[in-house]
Amino acid sequence: MAKSLVVYYSRKGENFMPGGIQVLEKGNTAYAAEHIAKATGADLFEIDTVKPYAAAYKECCKEAVAEKAANARPAIKGTVDISGYDTIFVCFPNWCGTAPMCVFTFLESCDLTGKRVAPLCTNEGSGLANSEADLAASCAGAEMLPGLSVRGHQAKDSYEAIAEWAKAIVG
């Protein structure tokens, strides 16, 4: 039987939302990842960086810009054995037009040969941007599936749309 894994990075604390910066107890992407897991029975793995990003939103943005410019691969905590999974959902917020660099750290540490990879990107209007092409370059040997863009501030209440997409991915 096919087995799925949801790998995600989500930022709680200060986030950009309609109307300005708000403090979130749980990041928007975490809700989206949990919706996928609930809809498909997938396992969850949260990507967490060894060095936390700045708590202040604007400072975190500066860090994200610097990491992207340097093509950095920040160290992450923990690991998960993906060998038993057929489909890997990769969920992340849009940072600088792509996934946060820690997502690439995770992906490049895995052998994705023969895996199916489906990206979900939370954002406030920039969509998937360059993330699908960037992820494909870091997922050697994987089949890249169509991604889903979800407005961050709507992620918590978007179960039906996310579940429909995820169920179509796993068949």
Side-chain angles (χ1 to χ4, degrees), residues 1-13 15 24 26-53 60 64 67-68 71-123 127-150 152 155-156 158-159 161-171:
M1 180 175 183
K3 208 169 162 194
S4 300
L5 174 68
V6 181
V7 175
Y8 70 99
Y9 174 77
S10 188
R11 178 174 168 80
K12 58 185 172 191
N15 274 267
L24 305 178
K26 179 189 260 188
N28 297 318
T29 307
Y31 288 111
E34 290 168 359
H35 293 335
I36 295 169
K38 179 180 176 184
T40 65
D43 295 330
L44 284 166
F45 177 77
E46 182 176 9
I47 298 170
D48 190 16
T49 55
V50 170
K51 179 184 176 214
Y53 291 105
C60 180
E67 281 186 357
K68 183 179 180 200
N71 201 28
R73 296 298 184 262
I76 59 174
K77 299 177 186 175
T79 186
V80 62
D81 179 4
I82 68 162
S83 63
Y85 296 100
D86 302 298
T87 302
I88 313 292
F89 290 94
V90 181
C91 304
F92 53 89
N94 184 322
W95 282 15
C96 306
T98 192
M101 295 294 104
C102 60
V103 172
F104 295 103
T105 301
F106 174 82
L107 293 172
E108 292 169 5
S109 73
C110 300
D111 180 2
L112 295 165
T113 304
K115 307 292 183 193
R116 301 168 73 239
V117 177
L120 180 147
C121 176
T122 58
N123 60 85
L128 288 155
N130 297 319
S131 63
E132 289 177 298
D134 294 345
L135 291 173
S138 291
C139 294
E143 176 188 357
M144 293 301 296
L145 302 172
L148 180 67
S149 171
V150 176
K156 182 178 181 180
S158 294
Y159 176 79
I162 293 170
E164 182 180 328
W165 170 77
K167 288 177 182 177
I169 294 291
V170 296

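Below, each value reflects all heavy atoms present in this structure, side chains not excepted, and no hydrogens, waters or symmetry copies.
The closest side-chain heavy-atom distance from F92 to T98 is not below 4.5 Å. Considering only heavy atoms from C-beta on, I82 stays 4.5 Å or farther from F45 through its side chain. A 4.5 Å side-chain heavy-atom check between N71 and F104 finds every atom pair outside the cut-off. Taking 4.5 Å as the limit, some side-chain heavy atom of E143 sits within range of a side-chain heavy atom of L145. In this structure the side chain of P74 never reaches within 4.5 angstrom of the side chain of K51, judged on heavy atoms. Between L135 and V117 the shortest side-chain heavy-atom distance does not fall below 4.5 Å. For the pair T79 and S109, the minimum side-chain heavy-atom distance is 4.5 Å or more.
Counting only distance, with no hydrogens or angles, the side chain of H35 and the backbone of A161 share no donor-acceptor pair below 3.5 Å. E132 places a side-chain N or O within 3.5 Å of a backbone atom of G147 that can act as its donor or acceptor partner. Of the possible donor and acceptor atoms, none in the side chain of W95 sits under 3.5 Å from a partner among the backbone N and O of K68.
Put simply, OG on S4 and CD1 on I88 are 7.5 Å apart, with the number rounded to the nearest 0.5 Å. Interatomic distance, D43 CG to I36 CD1, rounded to the nearest 0.5 Å: 13.0 Å. C91 SG to E34 CD: the interatomic distance, rounded to the nearest 0.5 Å, is 10.5 Å. The distance from atom CD of E67 to atom OG1 of T49, rounded to the nearest 0.5 Å, is 8.0 Å. In this structure, the separation between CG on D86 and CG on L5 is 11.0 Å, given to the nearest 0.5 Å. The SG atom of C139 lies 12.0 Å from the NZ atom of K115; values are rounded to the nearest 0.5 Å.
By the neighbour-count criterion of 12 heavy atoms within 6.0 Å, atom NZ of K12 is sparsely surrounded, having that number or fewer from other residues, nucleotides or ligands. Sparse packing is recorded around NZ of K38, with 12 or fewer heavy atoms of other residues, nucleotides or ligands lying under 6.0 Å away.
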(request) Please assess R11 against T29 for the test side-chain contact (heavy atoms from CB on, under 4.5 Å), listing each intermediate value before the final yes or no. (result) CA-CA 8 Å; R11 178 174 168 80; T29 307; over 6 Å; no
(request) Go through the steps to decide whether L120 and W165 satisfy the test side-chain contact (heavy atoms from CB on, under 4.5 Å), and finish with yes or no. (result) CA-CA 10 Å; L120 180 147; W165 170 77; 4.0 Å; yes
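The shortest heavy-atom contact between R73 and E108 is NE-OE1, 2.8 Å. Shortest non-hydrogen contact noted between V6 and A42 is CG2-CB, 3.7 Å. The heavy-atom pair separating A30 from S10 by the smallest distance is N-OG, 2.9 Å. N94 and G127 get closest at one heavy-atom pair: ND2-O, 2.9 Å. Summarising the geometry of T40 relative to K167, their closest heavy-atom pair is CG2-N, 4.2 Å, with the distance given to 0.1 Å. Nearest approach of A166 to F89, heavy atoms of both residues: O-CZ, 3.8 Å.
E164 is linked by a salt bridge (Lys or Arg N to Asp or Glu O under 4.0 Å) to nothing, counting only residues two or more places apart in sequence or in another chain.
Note: F106 and Y9 fail the aromatic proximity criterion, with ring centroids not under 6.0 Å apart.
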